[in-house]
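Presented below is the structure to which this report refers.
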Amino acid sequence: MPLTSKERLLAKHFSQYVSEHKKEFIEKVLSQRTRHVTVALEDIYQSQNASAVVRTCECMGLQDIHIIENTSSYQTNTRVLKGSNKWMDLIRYRKKGVNNTEACIRQLKESGYTIYAADPAEEGISIHDIDIVAGKTAILFGNELHGVSNHALAQCDHKVRIPMYGFTESLNISVSVAICLNTLINKLHQGPWEKYGLGEDEKEELTLQWYRKVVRKSDLLEREFLRTIQ
């Protein structure tokens with residue numbers, strides 16, 4: 001949603017406490033952020049894996065990650081995250097008594113995503129053959145032991161696989177995510193990026209959100225500033 005007039009004034013107020021170097025860095029990152037591609041994680045139970053995936057997604061320019069918590073809650077490992085989670089939107093599906101996988105898939109489809117379930121089966125589409133420019137793409141990864149659930153496999157639009165040439169059937173989830181995203185994001189950067197990047201309203205919203213994170217005592221500064229413009 002577009003910022004309100006007060007929020008725009010607040011962002012301008014915060015900007016005086018942000019160095020020019022930091023502002024340029026924020027603008028550069030925003031110019032390379034995307035919601036054209038997203039990742040969903042289903043019941044990942046090892047904190048180092050979940051954290052490594054979040055870190056990879058942030059490095060590759062994704063803004064959103066969808067986290068499904070039916071049987072396993074999302075746990076973090078700060079040494080692995082390296083602070084990457086504070087720059088992203090983690091959308092969590094963790095309601096009791098409902099199928100959170102179904103809720104996530106429904107939300108993604110309503111948002112216009114074609115959903116691919118990561119699965120090593122030979123009938124799956126190669127990650128290299130996804131037509132990423134045709135529309136928004138979400139890849140759903142299952143947990144470390146069982147992979148994508150049967151319910152998710154039935155609800156997703158397609159299966160996707162990473163071609164492998166050895167005896168071992170699968171990769172660690174964080175490695176799989178890294179390979180998939182590197183393949184897809186590189187394809188996006190070969191095209192007209194303005195079609196896949198964030199809109200101006202989204203950039204404004206995230207600029208304010210990130211200023212709140214980088215400015216010391218931003219909550220106190222915000223309260224004091226808002227009192228002056230009542």
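With respect to Glu58 and Arg33, a salt bridge is recorded, a charged nitrogen being found less than 4.0 Å from a carboxylate O. The pair Glu202-Arg35 counts as a salt bridge, with a side-chain nitrogen and a carboxylate oxygen less than 4.0 angstrom apart.
Between Phe141 and Val53 there is no side-chain heavy-atom pair separated by less than 4.5 Å. No side-chain heavy atom of Val80 sits less than 4.5 Å from a side-chain heavy atom of Thr78. Residues Asp201 and Leu3 are not in side-chain contact: their nearest non-hydrogen atoms beyond the backbone lie 4.5 Å or more apart. Side-chain contact between His189 and Ile185 is present, with heavy atoms from C-beta onward closer than 4.5 Å.
Taking CZ of Arg212 as the reference point, atom OG1 of Thr207 lies at 11.5 Å (rounded to 0.5 Å). Note that OG1 of Thr101 and CG of Asn70 are 4.0 Å apart. Values are rounded to the nearest 0.5 Å. Atom-to-atom distance recorded for Leu171:CG and Arg161:CZ is 12.5 Å, nearest 0.5 angstrom. Remark: Leu30 CG to Glu200 CD distance equals 9.5 Å, nearest 0.5 Å. Distance check, rounded to the nearest 0.5 Å: CD of Glu20 to NZ of Lys23 gives 4.0 Å. Considering CG of Leu9 and CG of Leu208, their distance stands at 11.0 Å, rounded to 0.5 Å.
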Side chain to side chain donor-acceptor pair (under 3.5 Å), that's the test. Do Asn49 and Glu144 meet it? Break it down for me. CA-CA 9 Å; Asn49 283 336; Glu144 299 89 335; 3.1 Å; yes
Side chain to side chain donor-acceptor pair (under 3.5 Å) assessment of Glu7 paired with Ser5: CA-CA 5 Å; Glu7 287 172 329; Ser5 56; over 6 Å; no
Run Leu198 and Leu206 through side chain to side chain contact (heavy atoms under 4.5 Å, CB included) and show every step you take. CA-CA 10 Å; Leu198 300 179; Leu206 285 173; 3.5 Å; yes
Residue pair Leu184, Ile139: steps toward the side chain to side chain contact (heavy atoms under 4.5 Å, CB included) verdict: CA-CA 11 Å; Leu184 297 180; Ile139 304 183; 3.6 Å; yes
Side chain to side chain contact (heavy atoms under 4.5 Å, CB included) between Asp119 and Val160, intermediate numbers included: CA-CA 6 Å; Asp119 187 274; Val160 64; over 6 Å; no
Just do the side chain to side chain contact (heavy atoms under 4.5 Å, CB included) check on Cys59 and Thr56 with the steps written out, would you? CA-CA 5 Å; Cys59 286; Thr56 295; 5.7 Å; no
Evaluate the side chain to side chain donor-acceptor pair (under 3.5 Å) criterion for residues Glu102 and Asn99: first the C-alpha distance (whole Å), next the side-chain angles of each, then the deciding distance (0.1 Å), finally the verdict. CA-CA 5 Å; Glu102 186 174 308; Asn99 188 322; 4.6 Å; no
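Under the 3.5 Å distance criterion, with hydrogens and angles disregarded, a donor-acceptor pair is assigned to the side chains of Glu42 and Ser149. A donor-acceptor pair shorter than 3.5 Å cannot be found between the side chains of Glu224 and Thr228.
Under the 3.5 Å distance criterion, the side-chain polar atoms of Gln63 are matched with a main-chain donor or acceptor of Trp87. With hydrogens and angles disregarded, no donor-acceptor distance shorter than 3.5 Å links the side chain of Lys86 to the backbone of Trp210. For Asn77 (side chain) and Ser47 (main-chain N/O), no donor-acceptor pair under 3.5 Å exists by modelled atom type. One N or O on the side chain of Thr38 and one on the backbone of Asp64 form a donor-acceptor pair closer than 3.5 Å. Remark: side-chain polar atoms of Asn100 are not paired, donor with acceptor, to backbone N or O of Ile68 under 3.5 angstrom. With hydrogens and angles disregarded, a donor-acceptor distance shorter than 3.5 Å links the side chain of Thr137 to the backbone of Gly135. In this structure, Ser126 contributes its side chain and His128 its backbone to a donor-acceptor pair below 3.5 Å. Judged by distance alone, with hydrogens and angles left aside, the side-chain atoms of Lys159 form no donor-acceptor pair with the main-chain N or O of Ala118 at under 3.5 Å. The backbone N or O of Asn182 lies less than 3.5 Å from a partner atom in the side chain of Asn186, making a donor-acceptor pair. In this structure a side-chain-to-backbone donor-acceptor pair under 3.5 Å is missing from His158 to Thr114.
Here the closest non-hydrogen pair linking Ile132 and Lys187 is CG2-CB, 3.6 Å. Of all heavy-atom pairs between Cys156 and Ile105, the closest is SG-CD1, 4.2 Å. Counting all heavy atoms, side chain and backbone alike, Gln209 lies closest to Asp89 at NE2-OD1, 3.5 Å. Scanning all heavy atoms of the two residues, the minimum distance from Asp43 to Ser72 falls at OD1-N, 3.3 Å.
In the hydrophobic clustering of ILVMFWY residues, with side-chain heavy atoms under 4.5 Å counting as a link, Leu90 and Ile44 come out together. Follow the hydrophobic side-chain contacts under 4.5 Å out from Leu140 and you never reach Val39; the two are in separate clusters. Note on Tyr74 and Leu108: separate hydrophobic clusters, where clusters join Ile, Leu, Val, Met, Phe, Trp and Tyr whose side-chain heavy atoms are under 4.5 Å apart, directly or indirectly. Cluster annotation: Tyr113 is not connected to Ile125 through the hydrophobic network of ILVMFWY side chains, with a link wherever side-chain heavy atoms come within less than 4.5 Å. Taking hydrophobic clusters as Ile, Leu, Val, Met, Phe, Trp and Tyr residues chained together by side-chain heavy-atom distances below 4.5 Å, Met60 shares a cluster with Met88.
Relative ring orientation between His13 and Phe225 is described as parallel, the plane-to-plane angle staying below 30° on a 0-90° scale split at 30° and 60°. Using cut-offs of 30° and 60° on the angle between ring planes, the pair Trp193 and Tyr196 is perpendicular. Under the 30°/60° scheme for interplanar angles, the aromatic rings of Tyr93 and His66 are found to lie parallel.
For Lys22, the NZ atom counts as loosely surrounded, since its 6.0 Å shell holds 12 or fewer non-hydrogen atoms of other residues, nucleotides or ligands. By the neighbour-count criterion of 12 heavy atoms within 6.0 Å, atom NZ of Lys95 is sparsely surrounded, having that number or fewer from other residues, nucleotides or ligands. Within 6.0 Å of CD on Glu169 lie no more than 12 heavy atoms contributed by other residues, nucleotides or ligands.
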